[in-house]
Amino acid sequence: MNEATAPDRPFAAGMYDYLLGGTANTAVDRATVEQMIKVLPEMREGAWANRGFLQRAVARMAGEWGINQFLDLGAGLPTQRHTHEVVRELRPDGRVVYVDIDPRVIERGTKLLADESGAAVFQADIRDAERVLAAPETRALIDFDRPVGLLMVAVTHFLKDEDDPWDLVRRYVDAVPSGSYLAISAPTADKQAARIRDAMLAGLAKTPTPAVERSMEEFSRFLDGLEIVPPYSGADPVVAHIGQWGAEDPVEADDDGSRWWYAAVARKP
Ligand SMILES: C[S@@+](CC[C@H](N)C(=O)[O-])C[C@H]1O[C@@H](n2cnc3c(N)ncnc32)[C@H](O)[C@@H]1O
């Protein structure tokens with residue numbers, strides 16, 4: 001039994017799946033989420049706001065900007081209307097490559113995608129960008145001469161500052177051509193710092209992938225050299241709280257769960 005499959009440890013993917021009402025989670029995933037919710041009752045709203053952001057960003061990339069190939073890094077379990085389902089509604093020829101570090105995600109994802117041509121999942125640590133970009137699954141489905149949708153949604157917080165997640169984002173962005181897009185979200189403790197940090201200690205700190213919250217300044221650095229897309233109609237091109245991105249009513253959408261996540265979509269010039 002290695003650490004990555006230990007049944008007595010909670011895992012980020014299973015905890016997130018439980019928050020979204022899925023069934024691919026263990027008793028310890030569920031108990032750990034319940035501990036976090038005691039400290040941060042709006043956590044479930046935050047998870048749904050993040051999932052909504054992913055879906056709205058992918059729909060905009062596929063529908064409005066014509067992107068039909070996506071690299072979903074730290075993809076999570078392919079349940080709850082996943083990237084390829086959103087893409088296919090708009091681009092039946094769409095291709096999606098899912099990458100995750102968690103073997104349970106890969107096992108389940110492989111079964112779910114067995115009959116899907118144009119979608120693949122494989123196990124990798126996204127910190128090894130060169131391996132991810134050179135993997136046969138990636139090369140088979142993604143044409144790096146055409147714009148790509150890069151998704152780093154709710155994953156950079158699992159990377160420590162020492163891992164230099166900013167350089168990592170840059171390495172993925174460097175690999176795709178002009179006209180590609182990056183969608184990125186990450187939790188912050190800019191507001192309610194003590195409560196957010198207590199919740200992280202009660203939960204994600206017990207997983208093999210403890211989380212790091214980032215400030216607006218730290219989050220914004222992920223977007224260096226890219227053109228941020230205005231997050232909603234009438235907005236300036238800025239980082240938004242996650243519920244606001246693509247929302248019809250950004251004031252209404254900016255609930256308590258939304259306010260501890262930053263989100264942005266940006267174009268490579
Ligand atoms: C909170 S889920 C996000 C899922 C999806 N991106 C979304 O936003 O709906 C985070 C996922 O990132 C994965 N993950 C964490 N660190 C990773 C790493 N270094 N390489 C690849 N995947 C990682 C976890 O296993 C988990 O499935």
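Read the numbers this way: they start at 1 and go in the same order the structure lists the ligands and their atoms. Computation of the quantities below employed the complete heavy-atom set of this structure, encompassing side-chain atoms and omitting hydrogens, waters and symmetry-equivalent molecules.
For the pair Tyr262 (side chain) and Arg214 (backbone), a donor-acceptor distance under 3.5 Å is absent.
Of all the atoms in ligand 1, the ones that sit under 4.0 Å from a non-hydrogen atom of Asp102 are 25 (O). Set against the non-hydrogen atoms of Asp125, the atoms of ligand 1 under 4.0 Å away are 18 (C), 19 (N), 20 (N). The ligand atoms of ligand 1 that sit less than 4.0 angstrom from a heavy atom of Phe158 are 10 (C), 15 (C), 16 (N).
Residue Leu159 places a heavy atom under 4.0 Å from ligand 1. By the 4.0 Å heavy-atom criterion, Val99 is excluded from the residues contacting ligand 1.
Classification of the Phe222-Trp166 ring pair by plane angle, with boundaries at 30° and 60°, yields parallel.
At the shortest separation from atom 20 (N) of ligand 1 among protein heavy atoms lies Ile126 N, 2.9 Å. Closest to atom 22 (N) of ligand 1, if we only count protein heavy atoms, is Ile101 N, 3.2 Å. Among all non-hydrogen protein atoms, the one lying nearest atom 13 (C) of ligand 1 is Asp100 OD2, 3.3 Å.
Atom CH2 of Trp48 sits about 5.0 Å away from atom CG of Leu20, to the nearest 0.5 Å. Interatomic distance, Arg195 CZ to Glu42 CD, rounded to the nearest 0.5 Å: 4.0 Å.
The aromatic ring centres of Trp245 and Tyr232 sit 6.0 Å or more apart.
Counting heavy atoms closer than 4.0 Å to ligand 1, residue Asn50 contributes side-chain atoms (C-beta onward) but none from N, CA, C or O. The backbone of Ala124, and not its side chain, has at least one atom closer than 4.0 Å to an atom of ligand 1 (non-hydrogen atoms only; backbone = N, CA, C, O). Contacts between Val155 and ligand 1, counted as non-hydrogen atom pairs separated by less than 4.0 Å, involve the side chain only.
The option from Ala154, Ala75, Ala12, Gly76 that lies nearest to atom 5 (C) of ligand 1, judged by heavy atoms, is Ala75. Across Tyr16, Trp261, Phe53, Phe11, heavy-atom proximity to atom 9 (O) of ligand 1 is greatest for Tyr16.
The closest side-chain heavy-atom distance from Ile101 to Ile126 is not below 4.5 Å.
Side chains of Asp29 and Thr26: a donor-acceptor N/O pair is present below 3.5 angstrom, by distance only.
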